[in-house]
Novice: 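Got a structure for you, questions after.
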Amino acid sequence: MSATTAMIGSEAKLLARNPGVVIWTVILPVAASIIIASIPAAREPLDEFGGLSVFQVYQPILVLFVVALLAVQALPDVLTRYREMGILKRLRTTPASPSLLLVAQFVLTSAVSIMCLALIVVVPGIISGQWPQHPVGFIVSYVLTGWAFLGLGMVIASLFRNAKVAAGFGSLVFFVLMFFAGLWVPRATMPGWLHVTSNLTPSGAGTQALVDTATTGWPAIGYFGTLLVWGAVTTAIAIRTFKWE
């Protein structure tokens, strides 16, 4: 436990020394959710959003923004950089095994994302009075989406040996995920074919599952099925292809 704690502390310090990642991961989505919740007009239902308010549309997207950034950008960048520098290889000869590094990365990713989730839900909830209608379903949707995103991140870390290439590809995947989540074009305003395509992606299915549990109740089982398939398939691919050296 002491070795695990030390590894987590070390990785947390390295993350804190990168202000760009910290700002993108924590400050930006939390601040955006608070600002949107503070605008009375953003809490009013709109016909073009299917009766949802701007806050209800964008709160789930901001929640997934954090998880996607950590999973498909930060995680692959760290692991490929450590592999490229030979750190993973050297760790295999010490009590601090490479597996311990993976544990530290997953714990750190989960801790930061859960902290942001709490801030994005609780603070705007106090301001606006709008809380998830089905908290259990909201958490289940969040966990399944996080699993799918982390699986994607591990696949990126497995396929690329160069840290810059992995970081570039991770950025591309991040923006694609955010597009299908509805960050630039709200899902309710997407044309039919694009909406169907979005439903088949982990970010689209995750966003809709979070929206449904936040506003009504349990989402359609198909969204959970999509997230389960993405999580299982990407995890299996990552396990088969990941190399320490």
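The first residue of the sequence shown is numbered 1, and numbering continues consecutively from there.
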Novice: Under 4.5 Å between side-chain heavy atoms, counting indirect links through other Ile/Leu/Val/Met/Phe/Trp/Tyr residues: same cluster for L64 and V140 or not?
Specialist: no
Novice: Is there side-chain contact between T213 and P132, with heavy atoms separated by less than 4.5 Å?
Specialist: no
Novice: What's the separation between atom CG in L183 and atom OG in S203, rounded to the nearest 0.5 Å?
Specialist: 10.5 Å
Novice: Same hydrophobic cluster for I61 and V176, using side-chain heavy-atom links shorter than 4.5 Å among ILVMFWY?
Specialist: yes
Novice: Any donor-acceptor pair under 3.5 Å linking the side-chain atoms of S141 with those of Y223?
Specialist: no
Novice: Kindly indicate whether the side chain of L152, heavy atoms from C-beta on, has any atom under 4.5 Å from the side chain of L177.
Specialist: yes
Novice: Determine whether F49 and T189 satisfy the following criterion, side chain to side chain contact (heavy atoms under 4.5 Å, CB included), listing intermediate values before the conclusion.
Specialist: CA-CA 7 Å; F49 289 162; T189 64; 4.1 Å; yes
Novice: Below 30° counts as parallel, above 60° as perpendicular, anything between as tilted: where do the rings of F224 and W218 land?
Specialist: perpendicular
Novice: Taking everything shown except M115 itself, do over 12 heavy atoms lie less than 6.0 Å from its CE?
Specialist: yes
Novice: Side chain to side chain contact (heavy atoms under 4.5 Å, CB included) between L28 and F65: does it pass, once the steps are laid out?
Specialist: CA-CA 10 Å; L28 181 60; F65 183 98; 4.3 Å; yes
Novice: So, for G51 and Q56, which heavy atoms are closest and what is the spacing to 0.1 Å?
Specialist: O-OE1, 4.5 Å
Novice: Does F149 share a hydrophobic cluster with L144, counting links as ILVMFWY side-chain heavy atoms below 4.5 Å and allowing steps through other members?
Specialist: no
Novice: Closest heavy-atom contact between A37 and P124?
Specialist: CB-CB, 3.5 Å
Novice: Which residue pairs satisfy the side-chain hydrogen bond (donor to acceptor under 3.5 Å, both in side chains) criterion with at least one member in residues 153-166, sequence neighbours excluded?
Specialist: E84-N162
Novice: Between atom CG of L70 and atom SG of C116, what is the distance when rounded to the nearest 0.5 Å?
Specialist: 7.5 Å
Novice: Can you tell me how far CG of L210 sits from CG of L62, rounded to the nearest 0.5 angstrom?
Specialist: 11.5 Å
Novice: Using side-chain heavy atoms (C-beta onward) and a distance below 4.5 Å, is P76 in contact with F160?
Specialist: no
Novice: For V66 and L117, what are the C-alpha separation, side-chain angles and deciding distance, and is it a side chain to side chain contact (heavy atoms under 4.5 Å, CB included)?
Specialist: CA-CA 8 Å; V66 176; L117 171 67; over 6 Å; no
Novice: State whether a side-chain donor-acceptor pair under 3.5 Å links Q208 with R187.
Specialist: yes
Novice: Between the side chains of T216 and Q133, is a donor N or O closer than 3.5 angstrom to an acceptor N or O?
Specialist: no
Novice: Less than 4.5 Å apart, side chain to side chain, heavy atoms only: is that true for V112 and V26?
Specialist: yes
Novice: Taking Q59 for the side chain and I120 for the main chain, is one N or O donor matched with an acceptor at less than 3.5 Å?
Specialist: yes
Novice: Could you tell me which non-hydrogen atom of M190 sits nearest to which non-hydrogen atom of F179, and how far apart they are?
Specialist: CE-O, 3.5 Å
Novice: Check whether any side-chain heavy atom of I36 sits under 4.5 Å from a side-chain heavy atom of V54, and report yes or no.
Specialist: yes
Novice: Please examine the side chains of F175 and W184, heavy atoms only from C-beta on, and report whether any two atoms are closer than 4.5 Å.
Specialist: yes
Novice: Would the number of heavy atoms belonging to other residues, nucleotides or ligands and lying under 6.0 Å from CZ of F106 be above 12?
Specialist: yes
Novice: Let me confirm one number: the CG-OG distance from D77 to S171, rounded to the nearest 0.5 Å.
Specialist: 8.5 Å
Novice: Quick one, T215 with L52, criterion side chain to side chain contact (heavy atoms under 4.5 Å, CB included). Give me CA distance, side-chain angles, the key distance, then yes/no.
Specialist: CA-CA 8 Å; T215 57; L52 299 177; 3.7 Å; yes
Novice: Using distance only, find each side-chain donor-acceptor pair of residues 225-235 under 3.5 Å and give its atom names and separation, not counting sequence neighbours.
Specialist:
| residue | atom | partner | partner atom | Å |
| --- | --- | --- | --- | --- |
| T226 | OG1 | G222 | O | 3.0 |
| W230 | NE1 | L200 | O | 2.9 |
| T234 | OG1 | W230 | O | 2.6 |
| T234 | OG1 | G231 | O | 3.3 |
| T235 | OG1 | W147 | NE1 | 2.9 |
| T235 | OG1 | G231 | O | 2.6 |

Novice: Could you see if M85 belongs to whatever hydrophobic cluster contains L75? Use Ile, Leu, Val, Met, Phe, Trp, Tyr and a side-chain cutoff under 4.5 Å.
Specialist: yes
Novice: Give me the atom names and distance for the closest heavy-atom approach of G206 to T145.
Specialist: CA-OG1, 3.3 Å
Novice: Checking S198 side chain against L194 main chain: does a donor-acceptor pair fall under 3.5 Å?
Specialist: no
Novice: Distance check, rounded to the nearest 0.5 Å: I114 atom CD1 versus L119 atom CG?
Specialist: 12.0 Å
Novice: Linking I/L/V/M/F/W/Y whenever any side-chain heavy atoms sit under 4.5 Å apart, do V123 and I35 land together?
Specialist: no
Novice: Between the main-chain N or O of G129 and the side-chain N or O of R43, is there a donor-acceptor pair closer than 3.5 Å?
Specialist: no
Novice: To the nearest 0.5 angstrom, please state how far the NE2 atom of H134 sits from the CG atom of D212.
Specialist: 11.5 Å
Novice: Linking directly or through intermediates, with side-chain heavy atoms under 4.5 Å: list the remaining ILVMFWY members grouped with V196, chain and number order.
Specialist: none
